[in-house]
There are 2 protein chains.
Amino acid sequence: MTDAPLQTVTNAARLLKAFLTREESLGVSELSRRLGLGKSAVHRLLTTLAAEGLVEQDLHTGGYRLGLVVFELGEAVRVHMDLHAAAGSVLAHLREETGESTQVGMLDGHDVVYVDRLESSHALRLFTETGRRVPVHCTSSGKVLMAFAPEPVRERYLATATLARHTPHTLTDPGELRRALATVRARGWADAVDEREIGVASLAAPIRNAHGVVVAAIGIGAPVSRFRAIPRKRLARTIVEAGEAVSRRLGWSEEAPVLEKES
Amino acid sequence: MTDAPLQTVTNAARLLKAFLTREESLGVSELSRRLGLGKSAVHRLLTTLAAEGLVEQDLHTGGYRLGLVVFELGEAVRVHMDLHAAAGSVLAHLREETGESTQVGMLDGHDVVYVDRLESSHALRLFTETGRRVPVHCTSSGKVLMAFAPEPVRERYLATATLARHTPHTLTDPGELRRALATVRARGWADAVDEREIGVASLAAPIRNAHGVVVAAIGIGAPVSRFRAIPRKRLARTIVEAGEAVSRRLGWSEEAPVLEKES
DNA sequence: CCAGCCGTTCCGATATACGGAACGACGCTT
DNA sequence: AAGCGTCGTTCCGTATATCGGAACGGCTGG
């Protein structure tokens with residue numbers, strides 16, 4: 001890590017990430033501008049990646065897009081998320097019980113990545129998408145994941161993250177967020193109302209692996225209007241139980257928790 | 001393309017592909033051996049990719065595994081497969097009608113990649129997985145995709161592919177396969193019985209995009225025992241119709257086919 | 001307690017990847 | 001119709017980034 005990273009590989013990685021904007025296809029010149037690299041460099045990167053199947057060229061427009069190998073790799077990751085198997089039926093049950101969109105998210109840096117979801121059957125519903133990335137500090141899943149993260153990770157996050165204000169209700173002060181996370185840790189669940197987007201509410205609880213470590217969060221998202229109609233305590237209980245159900249499937253037994261030293 | 005590919009990026013790509021074996025995590029030394037690179041080079045590749053989130057280190061074992069960013073990228077690819085949206089309900093309908101496992105596959109080089117699937121409800125069923133790769137020459141989906149591929153692609157495939165024998169029924173002679181593909185092209189569907197694995201049968205039909213180009217194949221897979229019980233012609237008709245249904249959703253209108261010149 | 005493996009770090013020689021400029025093709029405007 | 005802008009692609013020389021080999025400390029199992 002003290003080593004200087006490989007420049008070319010870093011460029012290739014950033015190039016791939018440029019496609020996370022979900023644009024259909026990107027051209028050489030466009031990428032050259034976004035990455036601040038010469039056109040020839042980008043072109044060489046693209047042809048190299050194309051030879052490996054990571055990108056492919058649109059024969060009509062000349063632009064490039066992500067290749068099937070990337071899709072394959074993504075599926076390979078999904079397989080190792082035992083979550084995908086463990087959470088499936090629990091998500092369905094939770095959606096049935098609450099009628100709202102349900103998601104499972106994992107922590108990655110300063111963001112939450114949704115790795116599984118089921119949408120509400122209501123016409124007015126939260127639109128989520130697997131593979132989507134949302135901030136930690138203004139989502140219930142994010143708060144859960146950060147609340148139960150190892151202390152050094154949490155402190156490092158609080159020290160370095162930019163707590164962007166999305167609404168007047170967003171927590172933007174590190175100290176305030178630290179206290180909120182302590183509350184989450186104590187009561188075992190988190191909520192977020194109007195914090196990321198006005199009119200959107202969510203509630204989440206932790207999922208633990210066989211070692212008792214919190215590896216993901218399960219939660220629901222709903223319009224604030226419907227959210228208010230449900231007794232908060234009761235809803236929280238439902239979701240915490242859903243999280244425990246998934247945890248049990250991952251091999252965690254509540255009775256004999258494995259003590260983790262936070263070094 | 002006449003350019004020499006970027007060595008480091010090629011190495012990085014091959015490194016990522018090493019994880020396609022679906023092993024939980026791989027170590028530096030192991031990868032060094034498989035890729036034929038120095039340990040230090042592999043280590044630098046890994047730390048670089050880790051900094052970008054494409055891989056992550058297992059803190060317990062020290063090994064590395066694919067990171068969440070790869071999952072994100074994979075999901076970004078899925079979005080642009082309009083197939084995923086177009087084929088969903090058709091797949092469900094097809095499974096309901098036939099009771100068997102159904103899949104949608106796309107061509108990538110000498111392989112077929114399954115991008116969508118629904119499993120049979122029978123206890124004895126074909127196990128498929130999205131992101132899986134199977135050979136072209138011994139699968140019904142593969143034959144469909146290659147039969148309708150542009151002629152130069154097909155001829156290049158027949159000239160360069162190694163038609164590995166999986167069973168006594170596998171077509172391993174290029175000339176024989178060429179004739180089989182001509183038949184597929186003429187009648188509009190393909191089957192494969194005992195060709196990849198004894199006891200497994202499949203039948204597939206093409207899916208066309210708005211330009212009339214065959215971009216994917218839809219099909220079913222079943223144990224030969226059940227397969228025999230269904231009248232072949234009738235089953236083929238069902239699947240061809242399913243393919244046409246997906247094609248229509250992709251914007252293809254049968255009445256006004258766009259003529260493609262095969263340069 | 002030692003032997004062998006692991007992941008990590010350092011270093012010097014050389015191959016390599018970068019930016020800049022030029023090319024042919026395409027599409028839009030004038 | 002002609003011209004201008006942009007596209008993706010190719011070529012080239014130089015600066016430097018990348019590779020393999022060797023050495024290190026930690027861990028595990030014999």
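Side chains included, hydrogens not; waters and symmetry mates left out as well; all remaining heavy atoms used. Within every chain, numbering begins at 1; the chains are lettered A, B, ... in the order of the sequence lines, protein sequences first and strands thereafter.
- At C:dC5, none of the side-chain N or O atoms of B:Ser29 fall inside 4.0 Å of OP1 or OP2 (strictly under the cut-off).
- Using a 4.0 Å heavy-atom cutoff across all strands shown, B:Glu30 reaches no nucleic acid atom at all.
- Listed in residue order, the members of residues 33-42 of chain B having a heavy atom less than 4.0 Å from DNA chain C are B:Arg33, B:Lys39, B:Ser40.
- Rounded to whole Å, atom P of D:dT9 lies 13 Å from atom CG of A:Leu45.
- With C:dG19, C:dG7, D:dT9 as the choices, the nucleotide that has an atom nearest any side-chain atom of A:His43 turns out to be D:dT9.
- To the nearest angstrom, P of D:dG8 lies 16 Å from CG of A:Leu49.
- For A:Tyr64 and D:dG8, the OH to C1' distance is 7 Å, given to the nearest whole Å.
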Grab the N/O contacts between the protein and nucleotides 26-30 of chain D below 3.5 Å, and write none if there aren't any.
none

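- Residues that satisfy the salt bridge (charged side-chain N to carboxylate O under 4.0 Å, His left out) test with B:Arg65, not counting sequence neighbours, are B:Glu56, B:Asp58.
- In terms of the side chain to side chain donor-acceptor pair (under 3.5 Å) criterion, B:Ser29 has no residue partners (sequence neighbours excluded).
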Inset, instruction - Apply the test side-chain contact (heavy atoms from CB on, under 4.5 Å) to residues A:Phe19 and A:Leu26: give CA-CA distance (whole Å), side-chain angles for both, the deciding distance (0.1 Å), then the verdict. - result: CA-CA 8 Å; A:Phe19 289 96; A:Leu26 293 170; 3.9 Å; yes
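- A:Leu66 and A:Leu16 make their closest contact through CD2-CD2, 3.8 Å (heavy atoms, listed as atom of the first residue, atom of the second, distance).
- Residues that satisfy the side chain to side chain donor-acceptor pair (under 3.5 Å) test with A:Asn209, not counting sequence neighbours, are absent from this structure.
- Direction of the helix axis in the helix from C:dC1-D:dG30 to C:dT30-D:dA1 shifts by 40° between the two five-pair termini, rounded to 10°.
- Phosphate proximity of C:dT8 to B:Gln57: present, with a side-chain N or O under 4.0 Å from OP1 or OP2.
- Contacts of A:Asn11 with the nucleic acid, taken as non-hydrogen atoms under 4.0 Å apart, involve only primed sugar atoms and P, OP1 or OP2.
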Side-chain donor-acceptor contacts of residues 157-164 of chain B below 3.5 Å, not counting sequence neighbours, with atom names and distances?
from	atom 1	to	atom 2	distance (Å)
B:Tyr157	OH	B:His137	N	3.4
B:Thr160	OG1	B:Arg156	O	2.8

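- Here B:Glu155 pairs with B:Arg178 in a salt bridge; the nearest charged N to carboxylate O distance falls below 4.0 Å.
- For the pair A:Arg44 CZ and D:dT18 P, the computed distance is 13 Å after rounding to whole Å.
- Listed by chain and residue number, A:Ser202 satisfy the side chain to side chain donor-acceptor pair (under 3.5 Å) test with A:Ser140 (two or more places apart in sequence, or in another chain).
- Residue B:Asp58 contributes atom CG, which lies 13 Å from atom C1' of C:dG7 at whole-angstrom precision.
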Pick out the pairs of N or O atoms, protein on one side and nucleotides 13-16 of chain C on the other, that lie under 3.5 Å.
from	atom 1	to	atom 2	distance (Å)
C:dT16	OP1	B:Gln7	NE2	2.9

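- Evaluation of the side chain to side chain donor-acceptor pair (under 3.5 Å) test over residues 32-42 of chain B, restricted to residues two or more places apart or in two chains, returns B:Glu23-B:Arg34, B:Glu30-B:Arg33, B:Glu30-B:Arg34.
- D:dC19 atom P lies 14 Å from atom CG of B:Leu31, rounded to whole Å.
- In this structure B:Lys17 satisfies the salt bridge (charged side-chain N to carboxylate O under 4.0 Å, His left out) test together with A:Glu52, sequence neighbours excluded.
- The two residues B:Arg154 and B:Ala147 have their closest heavy-atom pair at NH1-O, 2.9 Å.
- Of the possible polar contacts, none joining the A:Thr8 side chain to the B:Thr8 backbone as a donor-acceptor pair under 3.5 Å is found.
- For A:Asp108, the side-chain contact (heavy atoms from CB on, under 4.5 Å) partners at least two apart in sequence or on another chain are A:Val113, A:Arg133, B:Leu68, B:Val69.
- Minimum interatomic distance between B:Ala217 and B:Leu145 (heavy atoms only, all atoms of both residues): N-CD2, 3.7 Å.
- Heavy-atom nearest nucleotides on DNA chain D were determined for A:Gly63 and for A:Val9, and the one closer to the 5' end corresponds to A:Gly63.
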